[in-house]
Structures are given as C-alpha cells and as structure tokens.
Undergrad: 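Take this structure first; my questions come after.
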Amino acid sequence: MVFGLLAFLTFTFWFSKLMESSRGLTRLPKLPHIQGYTGQKPLVSVIISAKEEESSIVDTLKHLLNQSYNKIELIVINDRSKDQTGRKLEALKKWSDAKSDIKIPLKVIHITSLPSGWLGTSHALYQGYLQSNGEILLFTNTDTSFHPEAIEHAVNYMRRYQLDHFVLQPKRKMVAQGFLLQGLKQALVYLSTFLEKPWKANISESPKHGVGLSSFNMLRRDAYLQIGTHQALAMRPDESQQLGKRVKKAGLKQHLLDGSDVLSVDWYSDVDSLFVNLEKQIFLRLKCKLSLAFSMLFIQFFLFYFPFIGMWLFWDWRSIFYVLTLILMSYLYFRQNQPITKYTVLELMALPLTLSLCMYILVRSVYTTYKKGGLHVNGSFYSLKELKKMLK
C-alpha cells in the first residue's frame with residue numbers, strides 16, 4: 001500500500017511538471033537576432049577576471065575584440081596570477097593596439113594582493129568596474145566564447161525590452177568526449193533545471209527566482225549601483241548568482257534567455273576534473289548546511305531515482321505508475337536538455353547510473369568539506385565556520 005502511494009505521488013509530481021512544461025515555462029526562448037540599433041549606441045564595458053588562465057585568456061579576448069558592436073571597452077583584471085596570464089595579457093594588448101582594424105580598446109589591470117574583507121573574484125570585478133565608463137556593464141569569464149554578433153544582439157534585446165539585467169545561458173561544449181562524462185553533464189543539467197527553475201527569472205512577479213551566470217551578466221550601470229555593486233557581494237563565493245538574486249529582490253527587470261547560438265563555454269575535460277570541481281561547488285551552493293544536503297539527497301532519490309527501482313521491483317498494478325513516470329521523465333529530460341546540450345538515447349538509458357554518481361558526488365562534497373574543515377575559494381582557504389557566515 002505504501003509503495004502504491006509513493007508510485008502515485010511520483011507520477012503526480014511528474015505529470016504536474018509535464019503540464020508546466022506544456023505551458024512553456026520550462027523552456028527558455030532563444031536570443032533573437034535583433035539588428036538595426038536606432039539612436040545613439042550605449043558604451044558597453046566588458047569586465048573579465050583572470051586568475052591563472054594562460055591557456056584560455058587569449059582566445060577569449062580575441063573573440064571579444066572581434067565583436068560587430070563597435071562601442072565596447074574591454075577591461076581584464078589579472079588577479080594575482082602566478083602563471084603566464086599577465087605576460088600574455090600585456091602581449092595581447094600590445095598586439096591589439098598596433099592593429100588598425102581593431103577599434104575596441106583593451107585595458108589590463110594587474111592585482112598583486114587581496115585586501116581583507118574580499119574574495120578574489122568579487123574584488124577583481126569591482127576593480128574593473130572602477131576603471132569602466134560604460135552605460136552597460138557585462139561581467140563574463142575566460143571560459144566563454146562569443147559569436148561576433150553576441151553583444152550586438154544582447155544590447156538590442158536589452159534596449160527593446162528595457163531590461164535592468166540580462167543573462168544568457170551558453171551552450172556547454174565538451175572538451176573531451178566520453179559516454180560517462182556526457183551522461184553526467186546531461187544529468188546535472190536535468191537536476192539543476194528542475195530544482196532551480198531558472199525560467200522564473202523572466203516572471204516579474206517571482207522576486208525569489210533571480211538568476212545570474214558568471215559567463216554572461218549584463219546590466220545597466222545604474223542598476224549595478226542600486227544593488228550595491230560587488231561591494232555588497234565582497235565575501236560571497238557565489239557572487240555571480242547572488243548578483244542576479246539581488247537584482248530581482250530590488251524589483252528590477254531581469255530576463256534569462258537561451259544563448260546557445262551566440263555563447264559557448266568549455267565543459268570539463270574528464271570525469272576526475274568534474275568530480276574535483278563539483279566536490280567544491282555543490283556544498284557551497286547548499287550554503288554548507290547539512291539539512292539542505294540531506295533534503296537534496298532525499299529529493300534526488302525519491303523523484304529521480306526511485307521510479308527506476310519501483311519499475312523493476314513490482315510486477316503488478318503499481319508498475320504502471322512507475323512506467324508512466326519514467327515516460328514523463330524521459331520526455332522532460334529531452335525537453336530540458338535540448339536547448340543547452342546535445343543528447344543521445346544511450347545517455348537517457350544511463351540515467352540511473354549518472355543519478356547515482358550525482359548523489360555520490362554530493363555525499364563526497366559534504367564529507368571532504370567536513371574532513372578538511374573548510375574549502376579553498378578563489379585560491380584561499382576558509383574554514384567551515386567562515387563559509388557559513390559568508391553564505392548567510
């Protein structure tokens with residue numbers, strides 16, 4: 001009887017998700033290609049923080065120097081890098097200054113120390129803002145590749161809809177191919193989309209669902225000042241997400257669109273690097289709270305994993321609910337992942353395995369954080385007590 005009730009509840013949940021999806025709430029619209037900006041173009045200040053990014057910084061900046069939108073200033077902050085990032089930035093600046101066909105000025109700022117009361121990324125981006133002149137600010141990172149018309153379309157869209165904050169979700173590119181790595185990516189996209197409901201950023205009446213992405217946070221300068229700049233996020237390890245949340249809480253207008261046609265980011269190169277990175281990130285996203293971690297494990301098991309068990313465990317009327325639940329899950333899996341990343345049927349079939357690995361990563365994240373007594377954030381170690389204080 002209990003398992004019959006659980007089967008009915010899981011089916012009811014996924015059926016409600018199907019109804020929500022049918023109303024178009026769970027699928028982000030693509031960024032339209034809006035041409036022909038009328039009136040005076042606003043200056044866009046593109047601000048990037050780079051720490052030990054010698055392998056990617058040059059390619060990223062060349063994409064930005066090749067933008068069709070010609071009123072851009074590019075500000076890059078070398079944040080205490082110990083590799084060749086600083087030298088590569090200076091060499092690129094010298095090269096771009098000498099090229100008559102490049103109209104976008106490049107400014108390089110070198111930071112050698114981190115003042116107390118700041119985390120590295122927030123401090124670096126704030127220093128970039130202090131050196132900027134743009135009416136519109138675009139905070140991005142070194143992993144993001146821009147189509148030549150990306151900023152032009154984004155500015156035109158922002159102007160047409162009179163936005164205060166505009167976020168584009170990039171396409172996630174695989175650096176290395178692999179069935180397990182691809183499957184994990186699909187599962188993580190699937191989980192995060194359902195749990196975070198990013199599409200609600202486009203609903204003005206939903207102030208709790210603000211969104212921000214480190215790959216593309218574009219906002220008006222006066223809106224940035226209104227939310228307190230990065231000074232208000234000085235000790236937040238999740239500063240890009242919190243920027244979007246503060247925009248929404250302030251009652252400002254925010255949109256999130258699918259930018260996969262004009263933006264892409266390199267994903268993890270192998271499973272080991274994925275595990276290491278997620279072990280640091282997941283518990284931080286849960287504010288280092290055990291209660292939230294256990295709740296997340298329960299939700300994952302009951303909603304995403306339990307239907308697979310129930311389908312094989314019971315061969316009676318209850319299995320009908322589990323089979324129907326899996327059909328709904330499969331449909332929504334394809335619907336959710338299609339705008340963001342490619343998928344195959346094999347990766348869907350591997351969902352029980354990849355969901356198990358996601359739960360394992362969450363447990364590992366909690367375990368390693370408590371074992372070490374804290375985490376490294378932006379190159380500095382912070383105790384668990386300090387992290388919980390930051391994330392309040």
Side-chain angles (χ1 to χ4, degrees), residues 1-28 172 178-200 209 271 274-275 278 282-283 285-286 289-367:
M1 185 65 184
V2 173
F3 286 104
L5 178 60
L6 292 175
F8 177 73
L9 289 175
T10 54
F11 171 75
T12 302
F13 171 83
W14 287 105
F15 184 76
S16 68
K17 283 292 181 183
L18 175 65
M19 293 297 99
E20 188 178 52
S21 177
S22 67
R23 294 195 299 270
L25 294 178
T26 61
R27 191 166 185 176
L28 296 177
R172 293 176 172 90
F179 172 73
L180 184 58
L181 188 61
Q182 185 74 22
L184 274 169
K185 179 175 74 169
Q186 309 291 11
L188 289 166
V189 169
Y190 192 39
L191 287 169
S192 63
T193 302
F194 273 101
L195 295 172
E196 297 179 6
K197 298 179 174 62
W199 64 88
K200 287 195 173 182
H209 290 91
V271 174
L274 168 65
F275 272 45
L278 289 180
I282 289 180
F283 203 30
R285 295 290 293 272
L286 297 175
K289 292 183 177 180
L290 278 175
S291 58
L292 289 178
F294 284 122
S295 298
M296 183 67 70
L297 280 172
F298 174 78
I299 290 170
Q300 280 187 239
F301 180 81
F302 179 63
L303 294 178
F304 295 91
Y305 195 75
F306 182 69
F308 289 99
I309 299 175
M311 184 182 67
W312 294 106
L313 193 61
F314 305 106
W315 292 93
D316 53 24
W317 63 270
R318 289 168 290 188
S319 65
I320 297 173
F321 283 106
Y322 289 119
V323 171
L324 291 174
T325 297
L326 291 175
I327 291 172
L328 294 178
M329 283 180 62
S330 301
Y331 169 75
L332 291 169
Y333 172 88
F334 287 124
R335 185 174 176 83
Q336 294 299 129
N337 286 25
Q338 185 180 17
I340 301 172
T341 179
K342 293 181 180 179
Y343 54 79
T344 67
V345 175
L346 284 175
E347 287 145 12
L348 175 61
M349 293 174 63
L351 200 55
L353 170 62
T354 51
L355 289 173
S356 299
L357 288 173
C358 289
M359 289 190 281
Y360 169 74
I361 294 170
L362 174 54
V363 172
R364 282 281 303 174
S365 180
V366 175
Y367 171 74

Undergrad: Please identify each residue that fulfils ring pair (Phe, Tyr, Trp, His ring centres under 6.0 Å) with F302, with sequence neighbours left out.
TA: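 F302 satisfies ring pair (Phe, Tyr, Trp, His ring centres under 6.0 Å) with F298 once adjacent residues are dropped.
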
Undergrad: Taking side-chain hydrogen bond (donor to acceptor under 3.5 Å, both in side chains) as the definition, give me every residue that meets it alongside S356, ordered by chain and number, with sequence neighbours left out.
TA: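 If we apply the side-chain hydrogen bond (donor to acceptor under 3.5 Å, both in side chains) test to S356, skipping adjacent residues, the hits are Y305.
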
Undergrad: Can you find a pair of side-chain heavy atoms, one from I309 and one from F301, that are under 4.5 Å apart?
TA: yes

Undergrad: Can you name the residues that form a side-chain contact (heavy atoms from CB on, under 4.5 Å) with V363, not counting sequence neighbours?
TA: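 Only L297 meet the side-chain contact (heavy atoms from CB on, under 4.5 Å) criterion with V363.
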
Undergrad: The criterion is side-chain contact (heavy atoms from CB on, under 4.5 Å); which residues satisfy it with I282, sequence neighbours excluded?
TA: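 Applying side-chain contact (heavy atoms from CB on, under 4.5 Å) to I282 gives L278, L286, I361, L362, S365.
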
Undergrad: To the nearest 0.5 Å, what is the distance between OG1 on T354 and CE on M359?
TA: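 Atom-to-atom, T354:OG1 and M359:CE are 9.5 Å apart.
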
Undergrad: List for me each residue that meets ring pair (Phe, Tyr, Trp, His ring centres under 6.0 Å) alongside F304, sequence neighbours excluded, and say none if there are none.
TA: W14, Y190

Undergrad: Report yes if the side chains of L328 and F11 come closer than 4.5 Å at any heavy-atom pair, otherwise no.
TA: yes

Undergrad: Could you walk me through whether F308 and L326 satisfy the side-chain contact (heavy atoms from CB on, under 4.5 Å) test, starting with their C-alpha distance in whole Å, then the side-chain angles of each, then the deciding distance to 0.1 Å, before giving a yes or no?
TA: CA-CA 7 Å; F308 289 99; L326 291 175; 3.7 Å; yes

